[in-house]
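Lettering follows sequence order; numbering is per chain, from 1. This structure is a prediction, so every number in the text was calculated from the model and none was measured.
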There are 2 protein chains.
Amino acid sequence: MKITLEDIIQSIYLLPEQVLKEVLGHFQHLEYPKNYFLLKAGKPCKHLWFMTKGAVRYFYINDQGKEKNTWFSLDTQIIADTSSFVKQEPSEESIQLVEDSEMYSIEHAALQSLLQKHHSFAIWYIKLVELHYVSQIEDRVADLQFLDAKQRYQKLLNQYPDITNRVSLGNIASYLNITQETLSRIRAGKL
Amino acid sequence: MKITLEDIIQSIYLLPEQVLKEVLGHFQHLEYPKNYFLLKAGKPCKHLWFMTKGAVRYFYINDQGKEKNTWFSLDTQIIADTSSFVKQEPSEESIQLVEDSEMYSIEHAALQSLLQKHHSFAIWYIKLVELHYVSQIEDRVADLQFLDAKQRYQKLLNQYPDITNRVSLGNIASYLNITQETLSRIRAGKL
DNA sequence: ATCATTTTTTGATATACATCAAAAGTATTC
DNA sequence: GAATACTTTTGATGTATATCAAAAAATGAT
């Protein structure tokens, strides 16, 4: 039983039939291969994506020119560089697929006009932002502040039990903010 | 020239005269002394506060029973435990004044009914959430991931040049996620 | 299957920051 | 203004994790 775009939208907040129809009309169905860039740093994030299958990583390039992952989204997730999306300013991070993925996208401009047009859609978007952007990222801050590398790894495994088969050790280490050597040692139970 | 509540509200998104009036009617003006708790961990965050003067810290209690600051807001800022506020679930953090402060508050229930009642207010709230919650916290994640203690301290000083006179070294160190000894050494230029 | 490339593991050493202990400095109260 | 409590600084030592180097294992291409 596959998750439809309609399911995702309605699970956030129930929209009136008419509005839902109109909203659905603004989404585009997409399939991209592994390694494809949804967003490259420097460009404004013009879309909001609803992934139905696949995996992505978010990353920055730091001062020393090294990539640093900030986030993973696997399977059914909403994807965007929130900060760039809401301000329509150049993004500081890139978003790249780490698996062949399927998703639906809506453009920023279309979203804005729907927000102005339909009060119910504005309420829907408030729920989306509150639950998806805010809660997720607050968790992340708490993790970074309070958990050490090993605890953060265990929490990630808890959230995505199959992540080790889907994302490389180097990419996971980068997200955990540790080196891949350290993650390798944690896995081996040596730390 | 003092900043009024109306200024703050209108700077987020211009509301129609009538709606603005109604919205203003739901805010309460408050003055609290240093050390007062706006929110205690375990209680749901029932208010959104618009501070016009003063300073607050947000903090958790960690596993070892030690307080850990997660955030400061000084002067004109919007205050809430966002995560608890949006879900109306028990808060994991506390919010305490570190100076005598002045602010305006609106209750969660009042906000909800205004959101349902006025499309324009829903748009206003979207702007608020996007710009205040999301952007601030994304910066914070980037800081935690990419900057070392010294860089984070310099950035904080940049944002709040007078913070050293207003917030204790221990509180700042806690926010920076380092010990006060380390911060003391950074200040002394020994690190 | 073989070779080339990428990913993961292992080992030795270095470093940033924590921890513990105590002294010095600054506020607060009577 | 002395006494008391809080805050900040200094010193010595310990620990988690980084860095560098290289081997081993896994993956992909011909």
State whether a side-chain donor-acceptor pair under 3.5 Å links B/Thr4 with B/Asp7.
yes
Are the aromatic ring centres of B/Phe72 and B/Tyr175 under 6.0 angstrom apart?
yes
Give the B/S/- string for nucleotides 10-27 of chain C, one per nucleotide from 5' to 3', where a protein heavy atom under 4.0 Å of the base yields B, of only the sugar-phosphate yields S, and otherwise -.
BBB----SSBBB------
Keeping to residues at least two apart or across chains, list the salt bridge (charged side-chain N to carboxylate O under 4.0 Å, His left out) pairs with something in residues 152-170 of chain A.
A/Asp75-A/Arg166, A/Glu99-A/Arg166, A/Asp143-A/Lys155, A/Asp162-A/Arg166
Quickly work out the B/Asn171 CG to D/dC6 P distance and round it to whole Å.
14 Å
Calculate the interatomic distance between A/Tyr153 atom OH and C/dT8 atom C1'; express it in whole Å.
12 Å
A/His118 and side chain to side chain contact (heavy atoms under 4.5 Å, CB included): which partner among A/Val23, A/Ile123, A/Val19?
A/Val19
Atom CD of residue position A/Glu92 - does it have more than 12 heavy atoms of other residues, nucleotides or ligands inside 6.0 Å?
no
Nearest-angstrom distance from the residue atom CG of B/Leu176 to C1' of D/dT8:
15 Å
Whole-Å distance, A/Ile172 CD1 to C/dT9 P, equals 11 Å
Within this structure, what is the CG-to-C1' distance between B/Leu169 and D/dC6, rounded to whole angstrom?
13 Å
Which residue pairs pass the side-chain hydrogen bond (donor to acceptor under 3.5 Å, both in side chains) test when at least one of the two sits in residues 25-45 of chain A, sequence neighbours left out?
A/His29-A/Glu102
